[in-house]
Every structure is written in C-alpha cells, then in structure tokens.
**Q** 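After the structure tokens below, expect a handful of questions from me.
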Amino acid sequence: MDWAEATGQARERAFAAGALAPIDTHAETLSDEGLTYVVRIVRSILRKQRAGAGKPVDPFAPPYESDLVVGELPPAHMALLNKFPVLDRHLLAVTRDAEPQTNLLTAADCEALLRLLGGWDGLVFYNGGAAAGASQAHKHLQIIDLPLAPVGPALPVAQALAAGEPDDGIGRSPGLPFPHARVRLPESAWRDPAAGARVVHKTYLDLLQAVGLPPAGSEQPGAYNLLATREWLWLVPRSRQSCEGIEVNALAFAGTLLVADESHLATLKAMGPAACLRAVCT
Ligand code: AMP
C-alpha cells in the first residue's frame, strides 16, 4: 500500500468535505550546536486538546469519522488522518482495540510501523506518554513527510545520526545534543514487515534499556519518544512535557519544533533549541 499517496488523496477529500481543521503556521530555521532546526510558529489560535481536558472522548475509538479513514493497517491498526494537521500529510495509526499510549509497543505495533515505512519514505514517531508530548491516551503511531519543511534540511538530524558509529548495534551519536540511543534499521525490516517486526520489537526493547528505561511487563517504564525512518530508529528518554512553556514532542528530536506564538519563539531563540531539548530529557 502506498500510504503516502493514499494519505494525500484522503487529505484532499477530507479537506473538501470540511472534516479537517488545519493549523496555520509559518516556519523559521534556527542553528544551534551544529544542527539546523525548523521551527513552526502557530498563526491560528487553535490549540491541541490535551487528554483530560474537556469531555473525556476517545477520538481514536470507533465509530471513526469516515472522512478521516485512510484504511486498515494490518495486523491491528486503523490509519486515520490527523484532524488538526500542521503538515499536509500526517497519518495516525491507531490501535483497533483500545490500548493505552503508555503501554509498551508490541510486535504488532512494530509491524504497523514497518508497513508505514514500506509504503511511505517518511518519518514515523511515537510520543510515549503525556510527558513525551502525547495529547491522546489511545495508542497511536504517527507518520509525516520528509523533507520536514520546504526550508532547511530534509531531516535535520540525519548527518548527526550517522556520526560516531558503531556501524551495527545500538550506539549514541556525539552529534545529537540530547540523551538518546540509536540503531540502523536494516532495509529488510521494512521490506518484509511481518518478519521484520520481531527483530524491530526486540531492538526497541534494547533501545529502552540503553537509555535507562528497562522494560518489564506491559507498561512503559517511563516517558520516551521513538522515531524511525527507513534508515534509523532512535529513542529519547523524557522527564517532562515542556520547557519554558514550549511543548516538546518526538518531532523535536528529528529537528523540528512547533511553538504557540512569537513569544515562545523568542524564548526558544534565547535559550537555544539544544538546551530546550536537554531540559525535557533530564
Ligand atoms: P499526540 O498529540 O502526539 O498524542 O497526537 C495526536 C494527534 O491526534 C494530534 O496531532 C491531534 O491533532 C490529532 N487529533 C486529535 N483529535 C483528533 C481527532 N478527533 N481525529 C483525528 N486526529 C485527532
């Protein structure tokens, strides 16, 4: 399944039907400690609803809003458009059975992740818990386009990820200014998602261990962000949701941030994005 194409087509239909509430932003780039970050600044006043705010509705439980459905994602997910997109193409893979976002990823989640990458050369991310930037409590993976923005580098952290090999196995990159563990993803994993899922699931548990979050049972041992491209899988331990009022989710660790207004942009410039990212990890 070409998930990128299917998402683009579904987006056009949903937009025409008035089912989307896009968030209008403009972008700036900021350079700091050897990386160039893409920062989007919200123009419209719409804000994401935090889990627990307002009515306790689960938007990812059936019945699904039909305009948002892109398709079934085997073996256990439904692919839905993001109703409040900042980016043109932004797909959510929600578990068909209700499951908490703070549960550890399963082999089925890893298979969904690999199927997405197989049909879309994009960036998959997972916000493991509210402290990692999740606004919804129902388990969901997400995928967006690369390049991340028309301005700046396609994937700002790409070069840094490759620095300071070990070429195989789990390592850390001296080029990334925040705690993390990262590993190369073999092409065979997304070419054969059913088989690759078992390997990637084990690797994911090893990444958690490597950042000091030893997995046990079904619940995550602490908040974290997971990111994946066709080339890399990386995981970042989290201690808090925001720094100086700037909310940080997984995308920040790919090199792109979203700020609510110009005053938050000024704060980010003053402290530097790298310090901001470190502050939410420790
Ligand atoms: P996160 O904030 O990382 O938990 O991601 C959840 C995403 O779901 C956000 O980007 C929201 O914009 C999006 N979202 C919130 N409500 C809905 C909904 N009713 N249908 C589809 N997407 C939604």
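Computed from heavy atoms alone, side chains included, the values below leave out hydrogens, waters and symmetry copies. Count residues from 1 along the sequence. Whatever order the structure lists them in is the order used to number ligands and atoms, beginning at 1.
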**Q** Using a 3.5 Å cut-off on N or O atoms only, is Asn249 in polar contact with ligand 1?
**A**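 No, there is no polar N/O contact under 3.5 Å.
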**Q** Compare every heavy atom of Ala107 with every heavy atom of Ala197, then report the nearest pair and how far apart it is.
**A** CB-O, 3.5 Å
**Q** Against heavy atoms of Ser135, which atoms of ligand 1 measure under 4.0 Å?
**A**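 Near Ser135, the atoms of ligand 1 are 1 (P), 2 (O), 4 (O), 6 (C).
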**Q** Quick one about His77 and Asp109 (side-chain donor to acceptor, distance below 3.5 Å, no hydrogens or angles considered), yes or no?
**A** yes
**Q** Does CZ belonging to Arg240 count more than 12 external heavy atoms closer than 6.0 Å?
**A**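 More than 12 heavy atoms, drawn from other residues, nucleotides or ligands, come within 6.0 Å of this atom.
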**Q** Could you check whether the rings of Tyr224 and Tyr204 sit parallel, tilted or perpendicular, using 30° and 60° as the cut-offs?
**A** tilted
**Q** N/O to N/O below 3.5 Å, does that happen between Gln142 and ligand 1?
**A**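 Indeed, backbone or side chain, Gln142 has an N or O that close.
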**Q** Counting from 1, what ligand 1 atoms have a heavy atom of Leu68 closer than 4.0 Å?
**A**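 Those qualifying, in numeric order: 20 (N), 21 (C).
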**Q** Please could you name the atoms of ligand 1 that Phe60 approaches to less than 4.0 Å, counting only its heavy atoms?
**A** 8 (O), 21 (C), 22 (N), 23 (C)
**Q** Tell me whether Arg238 contacts the main-chain N or O of Asn225 through its side chain, where contact means a donor paired with an acceptor under 3.5 Å.
**A**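 No; judged by distance alone, with no hydrogens or angles, the pair does not exist.
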**Q** Going by heavy-atom distance to atom 3 (O) of ligand 1, choose the closest among Asn127, Asp67, Leu87, Leu80.
**A** Asn127
**Q** What atoms in ligand 1 come closer than 4.0 Å to a heavy atom of His140?
**A**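 Ligand 1 atoms under the 4.0 Å threshold to His140: 1 (P), 3 (O), 4 (O), 5 (O), 6 (C).
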**Q** With a sphere of 6.0 Å drawn around CD of Glu12, does it hold more than 12 non-hydrogen atoms of other residues, nucleotides or ligands?
**A** no
**Q** Could you name the option among Asn82, Asp58, Leu81 that has the heavy atom nearest to atom 9 (C) of ligand 1?
**A** Asn82
**Q** Within ligand 1, which atoms have a heavy atom of Leu92 less than 4.0 Å away?
**A** 8 (O), 22 (N)
**Q** Run the salt bridge (charged side-chain N to carboxylate O under 4.0 Å, His left out) test on Glu187 and Arg230 for me, step by step, so that the C-alpha distance in whole Å, both residues' side-chain angles and the decisive distance to 0.1 Å come before the verdict.
**A** CA-CA 7 Å; Glu187 190 173 322; Arg230 285 183 172 182; over 6 Å; no
